[in-house]
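Side chains included, hydrogens not; waters and symmetry mates left out as well; all remaining heavy atoms used. Position 1 is the first residue of the sequence, and the numbers go up from there.
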Amino acid sequence: MYIGTILSPDLGGEKHSFAPTYNLKWPNRYLDAHRTLDYVIPQNAKSVFERVVAACMRTRGKSSLKIVDIGCSYGINAALLKCSTTLDELYTETASPHGVLRKKNIDSHRGFFKARMRRHDLSFVGLDPASRAVDYALQVGLIDAAVNADLEAHDLVDSDRALLSDADLIISTGCVGYVTERTFARLYPAIAESRPWVACFVMHPFVYHGIARMLDDHGLATTEIHAWRQRQRRFSTSREKRKVLASMKALDIDDRFERSTGYIYASFHLSVPRCEISSANLTEILPSHR
């Protein structure tokens with residue numbers, strides 16, 4: 001997720017907003033709000049991102065990667081990819097009266113993640129305008145650097161460009177729809193020298209066309225991998241469901257999963273430099289290239 005103006009398609013104000021919980025000192029209310037709607041996309045995205053990370057490493061012959069997480073908030077994606085934990089555990093440790101993450105003690109939170117840290121080959125730069133959220137992720141060791149910026153409205157400053165340089169991979173699980181190609185157009189040219197891959201989950205009914213076109217200008221080919229579509233969260237209200245389904249119909253997006261499960265789904269898009277798309281390592285990983 002990413003704080004900002006919700007952009008087209010027009011959902012008539014019915015899209016559920018997590019904004020009141022998004023930029024607090026502690027992640028407790030944020031995780032509680034997400035748990036209530038069974039917000040599962042970070043957990044569902046984990047195995048996909050792990051496959052993309054492995055493909056990128058093998059394709060480039062690297063033993064470590066630098067990852068930029070757009071809309072990182074409290075560092076949940078980094079927690080799931082770097083630590084031996086699950087989203088359910090984070091929800092439980094927040095909701096339980098005796099949960100470690102229920103305590104508003106930064107040392108307890110830092111110790112929780114440090115004890116579960118299993119991957120030291122991934123470094124994360126969190127990008128988000130929510131200063132308190134990214135500060136938390138930095139303090140507990142989930143992200144290695146923080147860029148507190150709203151790229152919908154402002155260009156990157158030189159110090160932030162330095163933090164983002166040499167990135168190998170850009171990921172997101174919930175920001176598209178809150179941000180547009182404006183954010184990607186300000187971010188990607190700043191780090192284009194390292195030719196980072198871009199892997200994004202896009203919640204229905206938002207679309208990726210503008211971002212894909214912008215990345216195409218930088219030599220990346222984008223593929224929507226239908227096999228990796230994932231549940232995002234439950235519909236918050238029946239009105240939200242009606243609005244989302246109507247928008248999906250208008251945009252000719254397959255809505256069978258939403259109609260049958262009661263969950264909103266997210267499509268997965270992977271953008272890879274054309275010079276690497278035919279790599280043998282890549283074809284071994286991605287089902288759409290077999």
Are [X] and [Y] grouped together when hydrophobic residues (ILVMFWY) are joined by side-chain heavy atoms under 4.5 angstrom apart?
X      : Y      : answer
Phe124 : Met117 : no
Val202 : Ile253 : yes
Leu215 : Leu156 : yes

So do the side chains of [X] and [Y] get within less than 4.5 Å of each other, counting heavy atoms only?
X      : Y      : result
Phe184 : Ile70  : yes
Leu122 : Met57  : yes
Thr86  : Gln43  : yes
Val179 : Ile211 : no
Ile67  : Val53  : yes
Ile143 : Ser123 : no
Val68  : Ile171 : no
Phe268 : Leu270 : yes

Counterpart residues, salt bridge (Lys or Arg N to Asp or Glu O under 4.0 Å), relative to Arg195 (two or more places apart): Glu276
Scan the side chains in residues 159-170 for donor-acceptor partners under 3.5 Å anywhere in the protein, sequence neighbours excluded, and list what turns up.
residue	atom	partner	partner atom	Å
Ser165	OG	Ala162	O	2.9
Asp168	OD1	Lys62	NZ	2.5
Asp168	OD2	Lys66	N	2.9

Checking salt bridge (charged side-chain N to carboxylate O under 4.0 Å, His left out) for the pair Arg118/Glu50: CA distance, chi angles, key distance, verdict? CA-CA 13 Å; Arg118 65 181 179 86; Glu50 286 178 333; 3.0 Å; yes
Which one of Asp69, Thr173, Leu90, Leu81 satisfies the side chain to side chain contact (heavy atoms under 4.5 Å, CB included) criterion with Ile76? Leu90
Lys/Arg-Asp/Glu bridge criterion (N-O < 4.0 Å) met for Lys82, Asp144: yes
Charged N to carboxylate O below 4.0 Å: is that the case for Arg233 and Asp38? no
With no hydrogens and no angle check, is any side-chain donor or acceptor of Arg102 less than 3.5 Å from a backbone partner on Thr94? yes
Exam field: side chain Asp255 to backbone Lys249, donor-acceptor pair closer than 3.5 Å: no
Output field: ring centroids [X]/[Y] closer than 6.0 Å:
X      : Y      : result
His269 : Tyr208 : yes
Phe206 : Phe201 : no
Tyr263 : Phe257 : no

Quiz question: by atom type and distance under 3.5 Å, do the side chains of Thr180 and Glu152 form a donor-acceptor pair? yes
Flag for Arg229-Tyr265: side-chain donor and acceptor within less than 3.5 Å: no
What verdict does the salt bridge (charged side-chain N to carboxylate O under 4.0 Å, His left out) test give for Asp32 and Arg35, after you've listed the backbone C-alpha separation in whole Å, the side-chain angles of each residue and the deciding distance to 0.1 Å? CA-CA 5 Å; Asp32 283 344; Arg35 176 177 51 82; 3.2 Å; yes
The single option from Tyr74, Tyr91, Tyr39 that satisfies ring-ring contact (aromatic ring centres under 6.0 Å, His included) with His34 is Tyr39
Hey, is CG on Asp252 packed in by over 12 heavy atoms from elsewhere, all under 6.0 Å? no
Could you tell me whether Arg256 atom CZ has more than 12 heavy atoms of other residues or ligands within 6.0 Å of it? no
Quick note, side chain to side chain donor-acceptor pair (under 3.5 Å) partners involving residues 130-143, not counting sequence neighbours, are His109-Tyr136, Asp135-Gln139
Mind telling me whether His218 and Tyr188 have parallel, tilted or perpendicular rings, with 30° and 60° as the class edges? tilted
